[in-house]
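Below is one structure, written out as structure tokens; the observations come after it.
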2 protein chains.
Amino acid sequence: MDDALAFSGLVLALSGQLVQEIHTGVSQQGFEDLRPAHGFAFAHISVGGATTADLAEHLGVTKQAAAQLVEELVRKGYVERHPHPHDARARLLGLTEIGWAATRAADRAARAAVAPWQEALGEERFSELVADLTLLAPPGPIRPAW
Amino acid sequence: MDDALAFSGLVLALSGQLVQEIHTGVSQQGFEDLRPAHGFAFAHISVGGATTADLAEHLGVTKQAAAQLVEELVRKGYVERHPHPHDARARLLGLTEIGWAATRAADRAARAAVAPWQEALGEERFSELVADLTLLAPPGPIRPAW
DNA sequence: CTATATAGACAAGTAGCTTGTCCAAATGGA
DNA sequence: TCCATTTGGACAAGCTACTTGTCTATATAG
């Protein structure tokens, strides 16, 4: 059997479907000005303590690209810039209440996308699946890939 | 435990890593002018019988974008356009020998990326994993997602 | 205290997509 | 068979998310 090659296709197919459904779900909850890539930024900013340069490294893009993304999210009301307590050059990024609301909407959409799969496999088998995938997942940051 | 949310993150993380490794592997095998998105086009063209319009629908982009992608792949020597036997407007797309070589390189890279995971879980458990994911995977075309 | 590194901003250029328009060939209905 | 509509593909222009390059102010290390 060529499980290895099949696995690649399956992971790509699932991830594509997942991204699509989360994006659609988030839009339908009223956040129509967010795109899939923004989710990765939210995930990093929501942890707290992130600067634009941190975000750039996390996303694997240039500082310039990260600065533009932050500027866009600030303009749309999802992100705030605060002075950095120990570095007068840097600005700490944080989510606004709207930013948190969008994050919760994305979580809901993700759960909704996964629910049918969870049901199809059954709770127990699904838990084993998650456990297996946890062993495989790389420790690094989650980034958009193409 | 919130398996559903964890599952989303895991799938995205794995797919990101997978895309990255396949791209790197393909580049290292001498195909440095190919990007991840090209793989999805190769997958469709390699089946045979595809036109540019088919490809556009498969990739979920406009005919224009597909035409530009085909033009690029033709220029780089991966794809050929043949006359369509039953439709004087259309052109049948096919892979050149170089195109097939690139496809094989991508397969090798995918296997290499998956191999450590296969080993980490063990053959049997990995096979069950593939079986589970097969149940979940949507039937439609595999597309780049963001 | 000086040299180097870093956070962020300003400016310009690029690549991969989009919309809009058009033509020629295919298709379907009367 | 003729005409109306659809479809495959091409040409042109524009947009957007990125890039590289340069600069200033602040921080850090020797």
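Each chain gets a letter, A, B and so on, in the order the sequences are listed, and its residues count up from 1. None of these values were measured; they are calculated from a predicted model.
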Subject >> Nearest-nucleotide 5' precedence on DNA chain D, A/A66 against B/D87 >> reply: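 Closer to the 5' end of DNA chain D: B/D87.
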Subject >> Given DNA chain D, 5'-ward residue of the pair A/L69 and A/H86, judged by closest heavy atom >> reply: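 Nearest-nucleotide comparison on DNA chain D picks A/L69.
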**OP:** Heavy atoms of chain B, cut-off under 4.0 Å: which first and last nucleotide of DNA chain D, 5' to 3', fall inside that, if you could look?
**Re:**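 The contacted stretch runs from D/dT7 to D/dA12.
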Starting from [atom2] on [N], measure out to [atom1] on [X] and report it in whole angstrom.
X     : N      : atom1 : atom2 : result
A/Q64 : C/dT6  : CD    : P     : 17 Å
A/R81 : C/dA9  : CZ    : C1'   : 10 Å
B/R75 : C/dA15 : CZ    : P     : 10 Å
B/E71 : C/dA15 : CD    : C1'   : 15 Å
B/R89 : C/dC23 : CZ    : C1'   : 11 Å
B/L92 : C/dA25 : CG    : P     : 17 Å
A/Q68 : C/dT14 : CD    : P     : 16 Å

For a quick check of understanding: with a heavy-atom distance under 4.0 Å over all strands, which category does [X] fall into, base, sugar-phosphate or nothing?
X     : value
A/A88 : sugar-phosphate
A/T62 : base
A/A53 : sugar-phosphate

State, with a plain yes or no, whether a side-chain heavy atom of [X] is found less than 4.5 Å away from one of [Y].
X      : Y      : answer
B/W117 : A/L135 : no
B/H38  : B/L69  : yes
A/L133 : B/L129 : yes
A/L93  : A/D54  : no
B/L14  : B/L18  : no

Subject >> Sorted by number, the residues of residues 44-51 of chain B with heavy-atom contact under 4.0 Å to DNA chain C >> reply: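 Residues of residues 44-51 of chain B under 4.0 Å from DNA chain C: none.
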Original post:
Where along residues 22-34 of chain B does a heavy atom fall under 4.0 Å from DNA chain C?
Top reply: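 Contacting residues: none.
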**OP:** Spell out, yes or no, whether A/L95 and B/L5 are grouped together once hydrophobic residues are joined by side-chain heavy atoms under 4.5 Å, including indirect joins.
**Re:**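 As far as the 4.5 Å side-chain criterion goes, B/L5 and A/L95 are not connected within one cluster.
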**OP:** Give, for atom CG of A/L121 and atom OG of A/S127, the distance between the pair rounded to the nearest 0.5 Å.
**Re:**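 Interatomic distance, A/L121 CG to A/S127 OG, rounded to 0.5 Å: 10.5 Å.
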**OP:** Could you pull out all residues at least two apart from B/H23 that satisfy ring-ring contact (aromatic ring centres under 6.0 Å, His included)?
**Re:**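 With neighbours one apart ignored, the set is empty.
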**OP:** Sequence neighbours left out, what passes ring-ring contact (aromatic ring centres under 6.0 Å, His included) with A/F42? Give chain and number order.
**Re:**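 Per chain and number, A/F42 pairs via ring-ring contact (aromatic ring centres under 6.0 Å, His included) with A/Y78.
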Original post:
What orientation do A/F7 and B/F126 show, parallel under 30°, tilted 30 to 60°, or perpendicular over 60°?
Top reply: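 Ring orientation of A/F7 relative to B/F126: tilted.
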Original post:
Any idea which of C/dG16, C/dG8, C/dA9 is nearest the B/R35 side chain?
Top reply: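 So the nucleotide nearest the side chain must be C/dG16.
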Subject >> salt bridge (Lys or Arg N to Asp or Glu O under 4.0 Å), paired with A/E71, selected from A/R91, A/K76, A/R81 >> reply: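 Output: one option passes, namely A/R81.
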Original post:
Any luck finding a side-chain donor-acceptor pair between B/Q28 and B/T24 under 3.5 Å?
Top reply: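 No pair is found: no donor N or O on one side chain lies under 3.5 Å from an acceptor on the other.
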**OP:** Consider only side-chain N and O atoms of B/Q68 and B/E72, and report whether a donor and an acceptor are under 3.5 Å apart.
**Re:**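 Their side chains do not contain a donor-acceptor pair, so the 3.5 Å distance test is not met.
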**OP:** Any chance you could lay out the salt bridge (Lys or Arg N to Asp or Glu O under 4.0 Å) test for B/R104 and B/E97, step after step, and finish with the verdict?
**Re:** CA-CA 11 Å; B/R104 289 189 295 269; B/E97 187 42 51; 3.1 Å; yes
Original post:
If you fit an axis to the five pairs at each end of the helix from C/dC1-D/dG30 to C/dA30-D/dT1, how big is the angle between those two axes, to 10 degrees?
Top reply: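 That helix gives 40° between its end axes.
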